[in-house]
Structures are given as structure tokens and as C-alpha cells.
2 protein chains.
Amino acid sequence: MHARGAGAGSRVTLQTVADVVGVSRATVSNAYNRPERLGAELREQILDAARQLGYPGPNPAARQLRLGRSGMVGLLFTEPLSYAFSDPAAVLFLGAVARECETANAGLLLLPSPPNSDMARTLRGAVVDSMCIYSMPEDHEAVQAVMERQLPTVFVDQPRIRGTAFVGVDDRHGGRLVGEHVTALGHHNVGILTPRLLADDYVGPVGDDRLAASTFRIFKERFSGIRDALRHGPLPDVRITTQERNNTPEDGEAGAHVLLDSEPRPTAILGLTDQLALGALRAARARGLSVPGDLTLTGFDDIPEAATSDPPLTTIQQPLVEKGTAAGRLLLDLLQGGPAKEEMLNIRLLVRESSGPAREG
Amino acid sequence: MHARGAGAGSRVTLQTVADVVGVSRATVSNAYNRPERLGAELREQILDAARQLGYPGPNPAARQLRLGRSGMVGLLFTEPLSYAFSDPAAVLFLGAVARECETANAGLLLLPSPPNSDMARTLRGAVVDSMCIYSMPEDHEAVQAVMERQLPTVFVDQPRIRGTAFVGVDDRHGGRLVGEHVTALGHHNVGILTPRLLADDYVGPVGDDRLAASTFRIFKERFSGIRDALRHGPLPDVRITTQERNNTPEDGEAGAHVLLDSEPRPTAILGLTDQLALGALRAARARGLSVPGDLTLTGFDDIPEAATSDPPLTTIQQPLVEKGTAAGRLLLDLLQGGPAKEEMLNIRLLVRESSGPAREG
DNA sequence: TTGAAAGCGCTACCAG
DNA sequence: CTGGTAGCGCTTTCAA
């Protein structure tokens, strides 16, 4: 009873068209896929007949079964797929991957990874030639499910699995750069704003155990890098307060308020992402705190907004677009049987106006 | 010679696993797809064997050929796919579609539509159950190619084809609202900044013929709406100058400069998108023109940046997210055999600070 | 609860 | 340049 094609009753296939025109299936197939192997005239005749019969063209599933490839690349992204579109860093990355796919005429299949039910089933059913896993926690069952499919896979940011293609940056180094920057400015009372470190709903300060158990490698590293720099820097007794939240400006704002309520009030707040730092900026403004006069703020990622905020954000610049391009290219390379390379991209500290010397206190 | 699965030589299929365990293919299939039809013990045994053999799970293409559906939704977007990720309106839309797909556990396949070569082929090969066409020019060959596949399809913004599912807004009405707003403010010398009206590389003023020939319905309507309001408003002899460009802030800026160079200088510039208007804002700033003191600026879409710009932009608010949600839902509905509805969403004029009375001159 | 058989629609091969 | 043939790997009856 389903609404099927237009009219005539049974399904129309390559065979139907072949019968009508009076040629064989193979010839009709060629008309679509190998135009040069055919008289232009015959080809037109076949295509016309197909049009008239309402033939939707060679069935993609059948074609793939036969061919063994699909021309599609899959992409798996942290938790809610829709979130990918609200995170500027992710958008930049996705755009670059998309551009690469486009040049190869490959489709990009965005896969959902809700913690829920049968995501494993969806993943198993995805018709793709290769996969990109973008910033997933190591222990996510989707990662497992994808690995089992034994597709050429490139991991971006996390997890990082030996022997698999990987694109990322040295996040710990980035953390260290930030830490050194703020200690050099004389801050010995700093707050850290971090996104989720584990796949749960915890909100609050980060204990050592939690950090150690973190399955979000990149944030764990950024965090550790900062902490190392603070602890082993020139300043004795740096006081560190922390808040863990979702990676949104809203959560950054809320977390910053908590941090700013603690006594003594931090003179610097380091966001592990720009999103978080931008939220902290709003919190500072809401309290009438001048940045960097009363409060130093730093981010991580260098999303476009970091440059246009007021004041512009001191941050770690990582090549978001390049990351996507590298991932896309690796994806395409793997399809050609290329090797599983690891690409570590460069980062650097970008000192803008949101950080300054600690006010004497 | 291709790098295939790990080791043993020939490919491992359902049959291989069945043979090893000593059951039939059907049973192994059930182990994956109908766990309840199986002893838990046997099931484990099968899954273990599969793991050991390196069986990647039921081949998706084969499964789809058999099943006749894929659980994937396709999305086709104007020209370069990568552009989709740089246009805030598109990102918002995509995010919402993605969210809907996610709830249904459907994958979202982003299809490239480069004007180039064999896009038609890619389109024919895309394994999807339904398609969303987002803001494509009417005459794009991809639209044709998709139609031929006879998939349940929903069109968003354009083209609008009778009898097909559609989501959009009354763009002409929006244009009219903008036009009325500026004439009410006493502007009789206005510039219009429009995105591409035809799929070519033209840059410059828009002639009547070009407008008439436009295949980008929404911009044509916005433009016409504005023009009608200006011509038939309370002010006699409104002077209109126009510039057509790509839909980016950079192009908006360049276009605005051209407009501002004309004599007499327009007292209002109306962007057919916020992107363009935001670019015009930069141009105004570069020239030391105060907005809205020296120049009134309006946009269209109400992307997030429109609210945070300085000054905030007077614009037509259209429900970008809702649009995506509606499209996503329609897509999913069509899959269930639902009817091809048309959804017209509401828009309204949002008067913010970028528009003001025309300075006497 | 399990197994045997029947295709799903297509394209590559190879012979004409 | 064209056509016949042989599966690609799976799921689903139906019968045991």
C-alpha cells in the first residue's frame, strides 16, 4: 500500500527498459555508465524509454553490491549531531572535510551517535567506503562499532589509536603555552574552564581522579599542560580552581560566575575552548570586570569569534580548516590504498588583548 | 592487490561465519538483526566467531538491496557544499535537519553539487530513502537528476514545484516589509545589495531583464517585494541603485562601496541577506559613515550575527531553525508514506538600531 | 528455533 | 559495439 512510483504496477528495472527497447540489460547499463561504448543514437533511445517508463536509474544499492564501493565517506561526531553545527570549530572542520569530499565527488554521510538504542545498527548499515571519527571519547561504543567494520578510518583529535590514520595537534603543548603565558604575567590565582572530561552529566570542579579517568584525550591534555606549566613555573603556590561544563558559551558563562565567586577571586580564567572563554567574557562583562584589567581571559582553538570579540581573545591557534582538509585528504587517500599516516598540525599562542599582567593584590 | 581485510585470503561473509559455527546463514543473520529469535548462548557464540574471523558485519549494500531502504536522508545544497558551512543561515538550517534525522536514527548524506562533470552520476548513486533540496536554482541540472530518481523529496526555499513537499517563507512579503519600512523613514534614495540572481559570474547592477530571468526564486521575490514597496509607497520618485554579488560579507562590503560611490549617495542600503548587510556595515564603518545617522542598513534572515552587530541590524526574521526542523520532519514523514505538504513559515520585520529616518537633504 | 531456497537489481567478463 | 551469464551478500518466506 505504500506510495510507490507513479503508475504502471510492478517495479521498473534495467530489465524492463531493456525489454522495451529490445536490447539487453548490459546495454542499458552501459547507456548510463559507459556512454562511450554505445551509439549516441541508441543511447538517446534508451534514455528516452527510461524516462517514459519512469525508470529511476540504476538502483544504487544493487550497483554498490556489485561494485563493492559507494563513493561516500562517513563522519561520526561527538554526541548530538546537531551540536556539530553549533560549534564554530566543528563547523569550520566540517566545511573543510566537505570541500575535500566535493573535489572527489564523494558524498559526506553525517552519522548520528546518540547514546541511545541502536546506533550500532545504524553504523553497521551505513554505506560508506571510509570513515572519519571526529573527536569522540575513547570508550564510546560507536567507535567500537566502526572499528568492527574494518573500514579505512581516520581519527581526528580523539581517540588516538596506534596504527590508525590520525589528524590532530599537540594539545598538551598548547596547554603548556597558555600556562606559561599567564604565569609570566604574574597570575597566581587562576580558574580553568573545561568541557566534559567524561561522558556523564557532571558539573563542577575537577578532581584528580576525574582528570585521570578522562576519556576526552584532548581536554585532558590541555588541562594537564596548563596545570604542569602553572605548577612548575616561576611562581610558587599557584592556586587553581576549576569548573567542568558543556562546551557552550552559556555554560562557560555560568562556570565563570562560579569561578569568580570563589575567594580569593581568580585574576585569570583559562578556557579550554574559545567557546568557554567567550562565555567567561560575558560573565566578566555582567559583573563589570574589565578584561584584561581586572581579569585575564584565554581560550583555545582560535575560532573566528575569538578575533572579533571585545577584547579579542588571547588563545591557542590551531588550524581548524587545515585539520578538516588533512582529514578529508587522508580519507580519500585511504580509499586509494594509501598508508595510515599520522598528521600532527602546528599550533601557536596568539596573544591578543584579553590577557594582561596580574593586578597587584 | 588492494589492501583488503586483514588476513585469511578470501572475503568473509555471513556464510563463512555460518560455516564455522555450523549453522545456516539465516541464523547468523538473525543473530545480528533479530536477537530475540535466538538462544542467547548461540547468539554469543556466533558473534564471537564473527569477531574472530574479522567479519565486518552484514554488508550494508547487500542488506539494502534486499531490504529496499537505507535509513539515510540525502541533502543537496547550492553550488559548493563547503559554502554551506560558511553561511550562518545554512548552518542553522542544517543543524536543525540533522537534529531531526538524529531522532529517527537516520544518517544525513550531504551531496556535492559542483557544476562540473558527473554530479548526476553521484546523485544517481546516492543510497538514500529521501532527499532534501535546499535552496537550489530552478534550472540546476542536479534538481533534474534528483527528480528522476523519484524519491520522496522536500524542497526548501527553491525551487518550488507544484505537488512536491515544500518549506519556505513568503519572501516577497518580506521584501515588501523592508521596502515599506524604509520609505516610511523617508528614504528616497536607496541601494539594494542582492546575491546571485542567475547562475553565472555576473557582478554589477541588476537590470530588469536579469531580474525577470532570475532562477533564484527567493532573491527575485525579495527584490521584487522591495521594489514594489518603494515604487508604490508614499514617496514619489524613489531612486534605486543595485549591486549583485556573491552572498558573503566580503562581497557585501565591496558592493556597498560601489553603491556608496554613486551620486547622489544612497541614504539606505538594503541587503537581501544579512551576510550582505553585515558587509555593508563594514563598508560604512570604513568610510566613517554613522549607522543609522548617515546610512540606514537592513538585512534579511536574522542570522545570529544580526543581533550582535554594532549597531544591531534591522532585518526580516525568518525561522531558520524551524525551517530545518520542518524540512527534517517532512522528510521523515514522506518516508512513512505521508503526504507532500507545503509549509509556509512566518516572517516578520525586526526593527533594530541600524535603520533610522533619512537625513534631510 | 532452525535451515533451504529464492531472489533483490546490477555490472564485469568474455564471446560474438 | 553488443549480449549472455554469473554472481555480489543478504533477508525472508516457508517448511521442518
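Here is the naming used below: chain letters follow the sequence lines, and residue numbers restart at 1 for every chain. What's counted below: heavy atoms across the whole structure, side chains too, no hydrogens, waters or symmetry copies. The structure presented is a predicted model; accordingly, all values stated were derived computationally and were not measured.
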Any B/Asn33 side-chain N or O less than 4.0 Å from OP1/OP2 of D/dT11: yes
Partner set under side-chain hydrogen bond (donor to acceptor under 3.5 Å, both in side chains) for A/Asp19, not counting sequence neighbours: none
side-chain contact (heavy atoms from CB on, under 4.5 Å) between A/Glu100 and A/Leu331, worked out: CA-CA 9 Å; A/Glu100 283 309 303; A/Leu331 238 21; over 6 Å; no
B/Val28: which of B/Leu38, B/Val23, B/Leu47 passes side-chain contact (heavy atoms from CB on, under 4.5 Å): B/Val23
Check: B/Arg217 side chain, B/Asp157 main-chain N or O, donor-acceptor pair, under 3.5 Å: yes
Nucleotide of D/dG4, D/dC10, C/dT11 approaching A/Arg25 most closely (side-chain heavy atoms): C/dT11
Where A/Ile218 and A/Ser135 come nearest, the two heavy atoms and their spacing: CD1-OG, 4.1 Å
Proximal nucleotide (of D/dG4, D/dT12, C/dG9) relative to the A/Ala26 side chain: D/dG4
C/dG3 phosphate, OP1 or OP2, under 4.0 Å from B/Thr27 side-chain N/O: yes
Residue-phosphate contact under 4.0 Å: B/Thr13 side-chain N/O, D/dG9 OP1/OP2: no
Derivation of the side chain to side chain donor-acceptor pair (under 3.5 Å) call for A/Arg63 and A/Asn33: CA-CA 11 Å; A/Arg63 145 170 257 245; A/Asn33 304 313; 2.9 Å; yes
From C/dT11, D/dC10, D/dT2, nucleotide with atom closest to A/Arg63 side chain: C/dT11
Nearest-nucleotide comparison on DNA chain C, the residue closer to the 5′ end among A/Leu65 and B/Gly22: B/Gly22
Phosphate OP1/OP2 of D/dC10: any B/Tyr55 side-chain N/O under 4.0 Å: yes
Any B/Arg34 side-chain N or O less than 4.0 Å from OP1/OP2 of D/dT12: yes
Atom pairs, protein N/O to nucleotides 14-16 of chain D N/O, distance under 3.5 Å:
none

Nearest-angstrom distance from the residue atom CZ of A/Arg69 to P of D/dC8: 17 Å
From A/Lys341, A/Gln158, A/Met344, residue fulfilling side-chain contact (heavy atoms from CB on, under 4.5 Å) relative to A/Phe166: A/Met344
Side-chain N or O of B/Tyr32 closer than 4.0 Å to phosphate OP1/OP2 of D/dG9: no
Sugar-phosphate only, base, or nothing, as touched by A/Gly39 at under 4.0 Å among non-hydrogen atoms: sugar-phosphate
Minimum heavy-atom distance A/Phe155-A/Thr164, with the two atoms named: CD1-OG1, 3.5 Å
N/O donor-acceptor pair under 3.5 Å between B/Arg196 side chain and B/Phe216 backbone: no
Parallel, tilted or perpendicular, as decided by the 30° and 60° cut-offs, for the rings of A/Tyr55 and A/Tyr32: perpendicular
Minimum-distance nucleotide (side-chain atoms of A/Arg66 versus D/dG3, D/dT12, D/dG7): D/dG7
Rounded interatomic separation in angstrom, taking CD from A/Glu36 and C1' from D/dC1: 12 Å
Interatomic distance, A/Arg43 CZ vs D/dC1 P [rounded to whole Å]: 13 Å
B/Ser29 side chain near D/dT11 phosphate (N/O to OP1/OP2, under 4.0 Å): yes
Among C/dT2, D/dT11, D/dG3, the nucleotide that comes nearest once only the side chain of B/Leu42 is considered: C/dT2
What's touching nucleotides 14-16 of chain C from the protein side, N or O pairs under 3.5 Å?
none

